[in-house]
J.: 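To start, I am sharing the structure in question, which I have written as structure tokens.
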Amino acid sequence: MDRNTVIGFVLLGLLLFLYLYLSTKSSHELEAQRKHIADSVALVQQTREAAREAAAAREAAAHKDTAAVKPVDTASFEAALKGTEQQLTVENDVMKVVFSNKGGQPVDVELKKFKSYDSTLVKLVAPGTDNRMSYPINTGSGAADISELYFKPGVVVKNADGSQTVSFRLPSPSGQSLEHEFTLPAHDYVLDWSVKVSNPEKFFTQNNFNFGWNAILGRSQKNIYDERRLASVCYSEDNKFDYISSKSERTFEKPVQWVSVSSQFFNTTIIAQNGFTAGGVHLMKESADTSNTVGRAQVSLQAKVPATAVATLPFRLYYGPNDFSILDKQAPGMTHIIDLGRNMYSFVRPVNVYIIMPVFNFFKEHISNFGIAILLLTLFIRLITSPLVYSSYLSGAKMKALRPEIEAMKKRVGDDQQQVGMEQMKLFREAGVNPLGGCIPALLQIPIFFALYSFFNSNIALRGESFLWSHDLSTYDSILNLGFSIPGYGDHVSLFALLAVVTSFLISLYGLSMTPDQSNPAMKYMPYIMPVFLLVFFNRLASALTWYYTVSNLITLALQFVIQNYIIDHDKILAKLQENRAKPKTKSKWQERLEQMQEAQKEAQKRAQSRK
């Protein structure tokens with residue numbers, strides 16, 4: 001491992017730090033977004049409060065009769081403008097959905113197979129939150145928000161295929177009808193939602209369906225820091241996937257097929273069977289450490305209601321995990337909700353989709369212990385990358401064998417650094433050593449590391465899986481809670497992170513011992529500086545990733561030891577050196593030009609010294 005090898009690893013580290021920095025650089029943007037969304041929420045609350053006051057005024061006027069109380073006019077929208085909220089529950093084997101007749105929509109969605117950080121079941125729609133879907137309709141007294149109107153109590157019908165259908169009908173004047181129909185399959189995370197309307201021109205101005213969705217992302221992970229960082233709003237516009245994460249807003253100018261509000265491992269998605277024509281989204285991530293809210297999203301979408309006597313707007317609501325195989329069955333492009341490589345790191349997505357994920361899935365299907373599955377995945381990756389790294393280890397071992405020759409050369413040449421460089425290159429050439437042999441393979445492994453970083457941060461299969469002292473491989477392991485937070489490091493001590501850092505430190509020390517030229521002072525301190533940076537960033541990483549890194553480092557140490565002690569024959573290297581020295585020397589044009597430049601520099605230095 002020579003100087004170029006260290007340079008390669010330094011570049012690798014710098015790229016890693018840049019990646020993590022760009023991934024986490026959002027504190028200032030979050031504050032601006034928080035203020036913006038707070039203003040927006042305040043405006044919405046004011047509007048809704050005004051609507052409630054207007055409804056209360058209408059109710060008071062309806063009851064203001066000194067002689068007798070007037071009966072409810074069932075031929076108008078009076079029954080929808082005032083009423084009593086009633087709820088009903090339907091469930092299948094994977095989720096439970098609670099509906100309310102106020103707005104005729106789900107108000108509580110609970111996933112049965114996933115637990116939250118506090119051991120309760122994960123809720124994608126939590127009761128008591130302002131997580132509502134809405135759209136305006138025309139009533140006799142003006143426009144009204146559907147989420148504030150009371151439908152007739154829902155009716156549940158069990159179908160022959162095991163699904164259940166829930167219907168809510170809005171009280172409306174004679175000749176008009178509006179119905180929300182939901183169908184819950186027996187074994188799926190979706191709700192088929194149909195808005196059925198008769199005489200739609202009476203309900204919608206110019207047949208415009210203006211859908212609004214206020215989505216609240218609640219906490220489900222122990223590591224809420226990563227959960228917020230990885231939260232996003234994803235969408236398919238003109239059948240092309242895109243998303244917003246740190247940016248706050250996006251306006252749609254082309255048809256939209258679906259919009260998803262996603263956290264690290266779960267998402268809620270609305271899929272329009274006929275598409276939306278336009279719209280926009282706004283995302284704000286919570287920044288308060290004491291809050292259990294991950295973020296908020298406001299979605300506005302427009303669609304055209306068919307100009308027929310009876311119209312149906314078909315939608316599909318997905319409430320479920322970010323599972324590749326499940327999302328692949330919902331709508332085209334929804335697998336991209338899982339962050340397996342985006343933007344400048346999109347080049348690693350094919351590595352994850354076509355190599356790492358299939359291999360990991362194969363291991364987890366045959367091995368119940370996910371820690372062992374990660375170990376086998378590590379061995380597989382090291383096996384397929386062995387042609388790249390073997391030359392690096394081999395080059396380092398050869399350069400260590402040349403150390404006595406280099407030391408003798410330095411004594412012969414003296415302090416002339418240019419001459420030392422020329423003689424060292426000549427020595428490497430004669431021994432058949434490539435100085436870049438340790439650098440290039442290290443750089444080639446960068447896509448693998450970035451791919452695994454995305455894979456382990458987004459793989460829901462690891463969620464809740466324990467291994468050794470880690471209770472959840474999808475987040476950091478903690479052997480000690482500090483009781484206070486260290487900026488950049490956190491409030492805990494991760495043992496897997498410590499092991500990864502210690503093994504990286506041993507590799508650095510070993511690499512330093514292999515370096516033939518140790519005259520550079522910076523090289524001596526490099527093994528001590530890098531682990532400090534790694535410790536800061538590794539402490540909050542998923543324990544699956546730090547476990548992989550630890551195993552990979554142990555394999556590296558073992559390979560270096562075996563190659564150095566059992567594969568490399570130092571005597572043969574020195575014999576080849578002598579043999580190469582005896583052969584006629586041939587130089588490439590690049591080497592000739594380099595030596596000419598170095599000779600010219602030496603002559604210039606001599607002339608400058610003679611003038612003094």
J.: Taking only residues two or more places apart in sequence, or in another chain, which ones meet Tyr476 in a side chain to side chain donor-acceptor pair (under 3.5 Å)?
T.: none
J.: Out of the candidates Phe276, Phe315, Phe209, only one should pair with Tyr135 under the ring-ring contact (aromatic ring centres under 6.0 Å, His included) rule; please name it.
T.: Phe209
J.: When rounded to the nearest 0.5 angstrom, what distance separates OG in Ser174 from CG in Asn199?
T.: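 Between atom OG of Ser174 and atom CG of Asn199 there are 10.0 Å.
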J.: Between Leu170 and Ile137, is there a side-chain heavy-atom distance shorter than 4.5 Å?
T.: yes
J.: Decide yes or no for Phe265 and Leu230: does some side-chain heavy atom of the first lie under 4.5 Å from some side-chain heavy atom of the second?
T.: no
J.: Between Asn457 and Ser454, is any side-chain donor less than 3.5 angstrom from a side-chain acceptor?
T.: no
J.: Quick check, are the ring centers of Phe114 and Phe266 under 6.0 angstrom apart?
T.: yes
J.: With distance as the sole test, does Ser147 use its side chain to make a donor-acceptor pair with the main-chain N or O of Arg132 at under 3.5 Å?
T.: no
J.: Please work out which of the three classes, parallel, tilted or perpendicular, describes the rings of Phe360 and Phe456, given edges at 30° and 60°.
T.: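 Because their plane-to-plane angle is over 60°, the rings of Phe456 and Phe360 count as perpendicular.
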J.: Any luck finding a side-chain donor-acceptor pair between Gln221 and Arg463 under 3.5 Å?
T.: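 Yes, a side-chain donor-acceptor pair sits under 3.5 Å.
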J.: Hey, are the side chains of Val351 and Ile356 touching, using non-hydrogen atoms and a 4.5 Å cut-off?
T.: yes
J.: Who are the side chain to side chain contact (heavy atoms under 4.5 Å, CB included) partners of Lys112, not counting sequence neighbours?
T.: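 Partners of Lys112 under the side chain to side chain contact (heavy atoms under 4.5 Å, CB included) test: Glu91, Lys96.
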J.: If you measure from the Lys or Arg side-chain nitrogens to the Asp or Glu carboxylate oxygens, is any gap between Lys102 and Glu148 under 4.0 Å?
T.: yes
J.: Nearest 0.5 Å, please: how far is CE in Met334 from NZ in Lys329?
T.: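 With rounding to 0.5 Å, NZ (Lys329) is 13.0 Å from CE (Met334).
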J.: Which residues pass the side chain to side chain donor-acceptor pair (under 3.5 Å) test with Asp108, not counting sequence neighbours?
T.: Lys123
J.: Tell me whether Asn208 contacts the main-chain N or O of Asn210 through its side chain, where contact means a donor paired with an acceptor under 3.5 Å.
T.: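 Side chain of Asn208 to backbone of Asn210, a donor-acceptor pair under 3.5 Å: no, none is there.
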J.: Which pairs, with at least one residue in residues 313-324 and sequence neighbours excluded, count as a salt bridge (charged side-chain N to carboxylate O under 4.0 Å, His left out)?
T.: Asp192-Arg316
J.: Just jot down the side chain to side chain contact (heavy atoms under 4.5 Å, CB included) partners of Val90, sequence neighbours excluded, or say none.
T.: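 Residues passing side chain to side chain contact (heavy atoms under 4.5 Å, CB included) with Val90: Leu88, Val97, Phe99, Val156, Gln164, Val166, Leu184.
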J.: Among residues at least two apart in sequence or on other chains, which ones pass side chain to side chain contact (heavy atoms under 4.5 Å, CB included) with Pro358?
T.: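 Listed in chain order: nothing, the list is empty.
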J.: So if I apply the side-chain contact (heavy atoms from CB on, under 4.5 Å) rule between Gln298 and each of Asn214, Val261, Leu283, which one comes out positive?
T.: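 Option passing the side-chain contact (heavy atoms from CB on, under 4.5 Å) with Gln298: Asn214.
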J.: Does atom CD of Glu85 have more than 12 heavy-atom neighbours, drawn from other residues, nucleotides or ligands, at distances under 6.0 Å?
T.: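 It does: Glu85 CD has more than 12 such atoms within range.
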J.: Nearest 0.5 angstrom please: Lys304 NZ to Gln206 CD, how far?
T.: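 The NZ atom of Lys304 sits 6.0 Å away from the CD atom of Gln206.
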J.: As a quick check of understanding, evaluate side chain to side chain donor-acceptor pair (under 3.5 Å) for Ser236 and Asn239, giving each step before the final call.
T.: CA-CA 5 Å; Ser236 175; Asn239 292 309; 4.6 Å; no
J.: Given the rule in the side chain to side chain donor-acceptor pair (under 3.5 Å) test, do Ser260 and Thr269 qualify, once you have shown the distances and angles that lead to the verdict?
T.: CA-CA 4 Å; Ser260 176; Thr269 302; 2.8 Å; yes
J.: Would you say the side-chain atoms of His180 pair up with the backbone N or O of Gly104, donor to acceptor, closer than 3.5 Å?
T.: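 Here the side-chain-to-backbone pair exists.
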J.: Can you list the steps and then say if Asn267 with Tyr189 is a side chain to side chain donor-acceptor pair (under 3.5 Å)?
T.: CA-CA 11 Å; Asn267 79 83; Tyr189 291 96; over 6 Å; no
J.: Please check: side-chain N/O of Trp258 versus main-chain N/O of Gln330, any donor-acceptor pairing under 3.5 Å?
T.: no
J.: Ignoring hydrogens and angles, tell me if any N or O in the side chain of Asp161 forms a donor-acceptor pair with the backbone of Ser163 under 3.5 Å.
T.: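 Present.
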J.: Treating Ser232 as the side-chain partner and Cys234 as the backbone partner, does any N or O pair qualify as donor plus acceptor under 3.5 Å?
T.: no
J.: Measure the spacing between CD1 of Ile374 and CG of Leu462 and express it to the nearest 0.5 Å.
T.: 5.5 Å
J.: Using the side chain to side chain contact (heavy atoms under 4.5 Å, CB included) criterion, which residues pair with Asn369? Sequence neighbours excluded.
T.: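 Asn369 satisfies side chain to side chain contact (heavy atoms under 4.5 Å, CB included) with Ile367, Ile372, Phe467 only.
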J.: Return the CG to CD1 distance between Asn322 and Ile337, rounded to the nearest 0.5 Å.
T.: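 That separation rounds to 6.5 Å.
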J.: Show me the pairs that pass salt bridge (charged side-chain N to carboxylate O under 4.0 Å, His left out) and involve residues 162-186, at least two apart or across chains.
T.: Arg169-Glu179, Glu181-Lys196
J.: Can you tell me if Asn459 uses its side chain to pair, donor with acceptor, with the backbone of Phe455 under 3.5 Å?
T.: no
J.: Got a sec, which residues hit side chain to side chain donor-acceptor pair (under 3.5 Å) with Thr475, two or more places apart in sequence or on another chain?
T.: none
J.: Is atom NZ of Lys202 surrounded by more than 12 heavy atoms (other residues, nucleotides or ligands) closer than 6.0 Å?
T.: no
J.: Side chains of Asn343 and Tyr243: any donor to acceptor distance under 3.5 Å?
T.: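 Yes.
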J.: Side chains of Asp93 and His187: donor-acceptor distance under 3.5 Å anywhere?
T.: yes
J.: Please determine, by modelled atom types, if Thr183 and Thr165 share a side-chain donor-acceptor pair under 3.5 angstrom.
T.: yes
J.: Keeping the roles fixed (side chain from Ser543, backbone from Asp472), state whether a donor-acceptor pair exists under 3.5 Å.
T.: yes
J.: Contact between Glu110 and Met95 at the side-chain level, heavy atoms closer than 4.5 Å - yes or no?
T.: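 The answer is no, as the side chains (C-beta and beyond) never meet within the 4.5 Å cut-off.
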J.: Go through the structure and list residues passing side chain to side chain donor-acceptor pair (under 3.5 Å) with Glu365, not counting sequence neighbours.
T.: none
J.: Looking at CG of Asp226 and OG of Ser263, how far apart are the two atoms once the value is rounded to the nearest 0.5 Å?
T.: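 Asp226 CG to Ser263 OG: 12.0 Å, rounded to 0.5 Å.
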J.: Under 3.5 Å, is there a donor on one side chain and an acceptor on the other for Ser220 and Ser116?
T.: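 Ser220 vs Ser116: no donor-acceptor pair found between side chains.
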J.: Listing request: all ring-ring contact (aromatic ring centres under 6.0 Å, His included) pairs with a residue in residues 318-339, at least two apart in sequence or in separate chains.
T.: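 Every pair satisfying ring-ring contact (aromatic ring centres under 6.0 Å, His included) with a residue in residues 318-339: Phe241-His336.
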J.: Can any side-chain N or O of Gln302 pair as donor or acceptor with the backbone N or O of Gly279 at less than 3.5 Å?
T.: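 Looks like yes, one N/O pair under 3.5 Å.
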J.: Does NZ or CZ of Arg250 fall inside the cone over Tyr235's six-membered ring, less than 6.0 Å from its centre and within 45° of the axis?
T.: no
J.: The criterion is ring pair (Phe, Tyr, Trp, His ring centres under 6.0 Å); which residues satisfy it with Phe370, sequence neighbours excluded?
T.: none
J.: Is a side-chain N or O of Lys285 found less than 3.5 angstrom from the main chain of Arg228, in a donor-acceptor match?
T.: yes
